[in-house]
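Down below is the structure, laid out as structure tokens.
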Amino acid sequence: MKDTYIRRSADTAARRIGDETMVLAVADSTLFSLNETASVLWEAADGTTPLRTIVENQIVAGFAVDSETAYRDALELVAELGRRGILEVADQPLEERPK
Amino acid sequence: MSSSAHTSERIVIEIGGLPLSFRARDDQFLAMLERRYANFLSNRSDSLVEVIVTVAASRSAPNDDPLEVRRRGEEWTIRRGDFCASWNASTGRAHLRQSLNPWSCDTVLRVIHSLLLSDRRGFLLHAASAVVDDRAYIFSGVSGAGKSTILSLAPADVIRLTDEISYIRKIDDRYCGFGTPFTGELNTPGVNAAAPIKGLYFLVQGPVNRIVPLSPASAARRLMRNLLFFAGETAQGAQVLESVGDFVSSVPACELTFRPEPEVWDLFA
């Protein structure tokens, strides 16, 4: 089965505020608000950890949800964030971006 | 002060404690600045930005042309149909070409201040603000939300900082609201004063006066919608978001539903 890899887009700024993560797409000043589980995915989006591993280790372990449901929801969410341009989604690891 | 500034071909306008100077060889332009920014003229000699103005015959009134703010390295370009400006953030030197009108330089002032504030824990916000008992109250909303209305209802002893653009900056670990010359429907410049901010209120007009507290995340979402943020550049976006997050974590934010009558100010007495 193919893995999915996710990485935060370079043209974003993010900050945790309360239970949410605010993500600013800098090019057009659009603001996205990520809920708690989406925030977990965002924080873990390093480009190299498979999405399934992120879901198993951080979503299933931390929230009352079964593995398949959590993974399906995560795939939907990252696809949406990918369409919005704030997350890069690939079927192979993405190079780590210089800090 | 105004006559000396005029004869030296240089005027210093200080807003939010940040002085910017304008230099021009045009008496009419300098006189116009003196009138428009009378409450905000300064004698400071440590201007953060020196704007060299060339007054030229060009289209005078801003129309629907979009405002463009771009950065290349340290050089910023600020452009609209009625003016063109460049600013080197490293040297502090700026050049502005505009006709004899008050709107172009007013826009340049707003843009440069918003950029200066981004790394000074501050921002400009579409909001009216006023001082009651040495505390500033910020009333934010888009056009039509009631910024000018709520200020026009204020008792005489309330200090009106602005009815259009609020200037917010962290000073010594406290966020303060400053007066600005940027005017809305009241067409009256704010008082040049400052005070620590007591609260941020998002305006809604309704049948009764009511205050509903907001979570920091909800406040941040609303605040970002009303922020003056010009630059499409990641580092600056991060600074602005950091300031907003810090602000909503330290200043109470509420939704204020108000009836457009003077009694609304009893809530802040």
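We name chains A, B, ... by the order of the sequence lines, and we start the count at 1 in each one.
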Partner set under ring-ring contact (aromatic ring centres under 6.0 Å, His included) for B:Phe139, not counting sequence neighbours: B:Tyr201, B:Trp265, B:Phe268
CZ of B:Arg210: more than 12 outside heavy atoms within 6.0 angstrom? no
Euclidean distance, B:Ser243 OG relative to A:Arg15 CZ, rounded to 0.5 Å: 9.0 Å
Rounded to the nearest 0.5 Å, what's the gap from CD1 on A:Ile17 to CD on B:Glu242? Could you check? 8.5 Å
Could you tell me whether A:Asp66 atom CG has more than 12 heavy atoms of other residues or ligands within 6.0 Å of it? yes
Let's go through A:Leu31 and B:Leu241 carefully: what are the C-alpha distance in whole Å and the side-chain angles of both, what is the deciding distance for side chain to side chain contact (heavy atoms under 4.5 Å, CB included) to 0.1 Å, and is it a yes or a no? CA-CA 10 Å; A:Leu31 186 73; B:Leu241 200 54; 4.1 Å; yes
Is the count of non-hydrogen atoms from other residues, nucleotides or ligands lying under 6.0 Å from B:Glu185 atom CD greater than 12? no
Heavy-atom pair with the smallest gap, counting every atom of A:Ala13 and B:Gly237: CB-C, 3.7 Å
Contacts table for residues 217-226 of chain B: side-chain donor-acceptor under 3.5 angstrom, sequence neighbours left out:
from: B:Arg221; atom 1: NH1; to: A:Glu20; atom 2: OE1; distance (Å): 2.4
from: B:Arg221; atom 1: NH1; to: A:Glu20; atom 2: OE2; distance (Å): 3.0
from: B:Arg221; atom 1: NH1; to: A:Ser33; atom 2: OG; distance (Å): 3.3
from: B:Arg222; atom 1: NH1; to: B:Glu255; atom 2: OE1; distance (Å): 2.9
from: B:Arg222; atom 1: NH2; to: B:Glu255; atom 2: OE1; distance (Å): 3.0
from: B:Asn226; atom 1: ND2; to: B:Ser140; atom 2: OG; distance (Å): 2.9

Who in residues 161-173 of chain B is close to chain A, using a strict under-4.5 Å heavy-atom cut-off? none
Any residue meeting ring-ring contact (aromatic ring centres under 6.0 Å, His included) with B:Phe123, in chain and number order, not counting sequence neighbours: B:Phe247
Which bit of B:Val248 comes within less than 4.5 Å of chain A, counting heavy atoms only: side chain, backbone, both or neither? side chain
Under 4.5 Å from a heavy atom of chain B, the part of A:Thr21 involved: neither
